Amino acid sequence: MADAGVVLSAPGQVALEEILVDAPGPGEVLIRIDATGVCHSDVHVVAEDGWGHTLPVLLGHEGAGTIEAVGEAVDDLAAGDRVVIGWKTSCGECSQCVRGLPRECKRPPAAPGRLHRADGADLMPVLRTGTFATRTVVPAVAAVKVPTELPPEQACLIACAVATGVMSVVETAQVWEGARVAVIGCGAVGLSVIQGARIAGASVVRAIDLDERKLEQAQRFGATDVGEGPVDFAFDVVGRKSTFELGLSLLAGGGTLVLIGLSPSGERAELELARLFGKRARILVSHGGDHLAREDFPRLAQWALEGKLDLAGMVTRTGALADWKEAFDAMAQGDVIRTVLTP
Ligand SMILES: [Zn+2]
Ligand SMILES: [Zn+2]
């Protein structure tokens, strides 16, 4: 059967189409996608005409699958292995990696030139992964084995929403036991921040969202309060002027604002420097929770199996690859926590 993928071919033009998938090269693996979550960042890629990726682009970056073949020099993975595909990996050679900061790697490895449109044109996979597809090719370092007990429909969420949300708490912000936390924007990433805060032992977890349904969900996932109040950590999962400024306004002395949400280009916020100084506030940027796929995915999968992380409850809608448009619409309407597509 021919391979298929959801392709952004020109600004505003997205369609499910036949794609060609090459055999993996040295250090690469070919993966059959079993499940892929539909993340806001894919909408961002479409809205920003590729978001830095060269068109045509293969969408999707939150995938789980099964290894079908491995290239030369791949000895820790084999056909049949169940994996989650990570978009944050490390090269081991850039200045950040050499400094011992692989989480801040500047050149995460890619597997360029393995995916094509039916006419042969190279496809650029979103964040080096391209999971809205029947199969994809990625560097072996991006394929992380997870226990087979974890269903792929749940495991795929670890690849972006859950890694971003949970690791923003435990890695980027390093929330301490007993801290007070606010989460602005309670979609899939926000609920993962809430779960991370619960795991970290936060004493207060405030959920803030304009959508009543999301506040109700937030309480099911561990929020202790709804609405504004003083906190030690505010997570802006939205990335707009209003949410950023709200997050800053909630900080108690010594508090930390963590920016997670992707802003539209040109978005600006204002802050009063004297107040920032007086509060000794910190502002951190969370790049996908500063996670590192190889180190963090096994831990997150284990937490899910132990019942500390609720992944099943986050999958509120499923569909086929052809349903990508309905999935985008459902996300825009706030009707879902996560849609998972099973190619
Ligand atoms: Zn994502
Ligand atoms: Zn590097």
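Atoms considered below: every heavy atom in the structure, side chains included; atoms not considered: hydrogens, waters and symmetry mates. We number each residue from 1, following the sequence as shown. This is a predicted model, so every value here is computed, not measured. Counting starts at 1 for both ligands and their atoms, following the listed order.
Taking 2.8 Å as the criterion, Cys160 counts as a coordinating residue of the Zn ion (ligand 1), since one of its N, O or S atoms falls below it.
No chain of hydrophobic side-chain contacts below 4.5 Å, direct or via other Ile, Leu, Val, Met, Phe, Trp or Tyr residues, connects Val144 to Ile31. Grouping the Ile, Leu, Val, Met, Phe, Trp and Tyr side chains by contacts below 4.5 angstrom, directly or via other members, places Val74 with Val83.
With the Zn ion (ligand 2) as the vertex, atom SG of Cys94 and atom SG of Cys97 span an angle of 110° (nearest 10 degrees). For Cys105 atom SG and Cys91 atom SG, the angle they make at the Zn ion (ligand 2) is roughly 110°, to 10 degrees.
Between Met167 and Arg299 there is a side-chain heavy-atom pair separated by less than 4.5 Å.
The N, O or S atom of His61 with the smallest distance to the Zn ion (ligand 1) is NE2.
Once rounded to the nearest 0.5 Å, the distance linking CD1 of Ile260 with NE2 of His287 reads 12.5 Å.
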